Asks: 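Sharing a structure, written as structure tokens. Questions coming.
As the structure is a computational prediction, the values presented were derived from the model and not from experiment.
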Amino acid sequence: MKEEEQGSQAMRYEGMGDPNKQERHTKTLAIRVEETLHAQLRFIAQLRETSISDEIRQAIETRIASAQDDPEIIARAQKARDELEREAAARSAAIAGFLGKQAVDAAIERPSEISAKSRTTRRSENE
């Protein structure tokens, strides 16, 4: 791959280039690998005319895709989701007990409904 292409590709991954695509937010990962593994990865990148970063990114994407089809991972994800929902319900109940049910119900309503109720409440209070 030519240096220009690598530079523009790096800019895209950093969320700075390609005006046709939505800005990407990226995180930097630092990993340590054995010298022989690095040499093999560098060689593969050269053969494919990509960068080491591209090869690592592709490997991560492949790993994530395979995990999303893994029944054990799916079951663990569902368990984590259920736990989050239980925690959210417990926190909501705690807030309701502290502030009162009306305050919690109002926070859950859509902003336009809250605004309309606020105007109605203010009008009735001022009368």
Asks: Going from CZ on Arg57 to OG1 on Thr50, what distance comes out if it is rounded to the nearest 0.5 angstrom?
Replies: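 Answer rounded to 0.5 Å: 10.0 Å.
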Asks: Does a salt bridge link Lys79 with Asp82, judged by any charged N lying under 4.0 Å from a carboxylate O?
Replies: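 No salt bridge links Lys79 with Asp82.
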Asks: Looking at every heavy atom in both His38 and Ile52, which two are closest together, and how far apart are they?
Replies: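 Scanning both residues completely, I find the closest heavy atoms to be NE2-CD1, 3.7 Å.
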Asks: Among the clusters formed by ILVMFWY side chains lying less than 4.5 Å apart, do Ile64 and Ile31 turn up in the same one?
Replies: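 Linked within one cluster.
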Asks: Tell me, yes or no, whether the heavy-atom count around Glu87 atom CD, taken from other residues, nucleotides or ligands under 6.0 Å, exceeds 12.
Replies: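 Count over threshold, so yes.
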Asks: Would you kindly confirm whether Ile56 and Phe43 end up in one hydrophobic cluster when ILVMFWY residues are joined by side chain heavy atoms under 4.5 Å apart?
Replies: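 Different clusters: Ile56 never reaches Phe43 through Ile, Leu, Val, Met, Phe, Trp or Tyr contacts under 4.5 Å.
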Asks: Taking only Lys NZ, Arg NE, NH1 and NH2, and the carboxylate oxygens of Asp or Glu, determine whether Arg76 and Glu72 approach each other closer than 4.0 Å.
Replies: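 Salt bridge: yes.
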Asks: What about Leu37 and Leu29, same hydrophobic cluster or not, with Ile/Leu/Val/Met/Phe/Trp/Tyr joined at side-chain heavy-atom distances under 4.5 Å?
Replies: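 Hydrophobic grouping puts Leu37 with Leu29.
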Asks: Check the surroundings of atom CD in Glu83: do more than 12 heavy atoms from other residues, nucleotides or ligands lie under 6.0 Å from it?
Replies: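 For Glu83, atom CD is crowded (more than 12 foreign heavy atoms under 6.0 Å).
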Asks: Got a donor-acceptor contact below 3.5 angstrom from the Ser92 side chain to the Ala88 backbone?
Replies: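 No.
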Asks: Ser66 vs Asp69, test: side-chain hydrogen bond (donor to acceptor under 3.5 Å, both in side chains). Steps then yes/no.
Replies: CA-CA 5 Å; Ser66 71; Asp69 292 332; over 6 Å; no
Asks: Counting only heavy atoms not in Arg86 (residues, nucleotides, ligands), do more than 12 fall under 6.0 Å from its CZ?
Replies: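 Enclosed: over 12 neighbouring heavy atoms sit under 6.0 Å from CZ of Arg86.
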Asks: Can you tell me how far the CD1 atom of Ile44 sits from the CZ atom of Arg42, to the nearest 0.5 Å?
Replies: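 Answer for the CD1-CZ pair, Ile44 versus Arg42, is 11.5 Å.
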Asks: If I take atom CG from residue Leu47 and atom CD from residue Glu55, how far apart are they, to the nearest 0.5 angstrom?
Replies: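 One finds 9.5 Å between CG of Leu47 and CD of Glu55.
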Asks: Could you please spell out the steps behind the side chain to side chain contact (heavy atoms under 4.5 Å, CB included) verdict for Arg63 and Gln58?
Replies: CA-CA 9 Å; Arg63 177 70 173 137; Gln58 183 179 2; over 6 Å; no
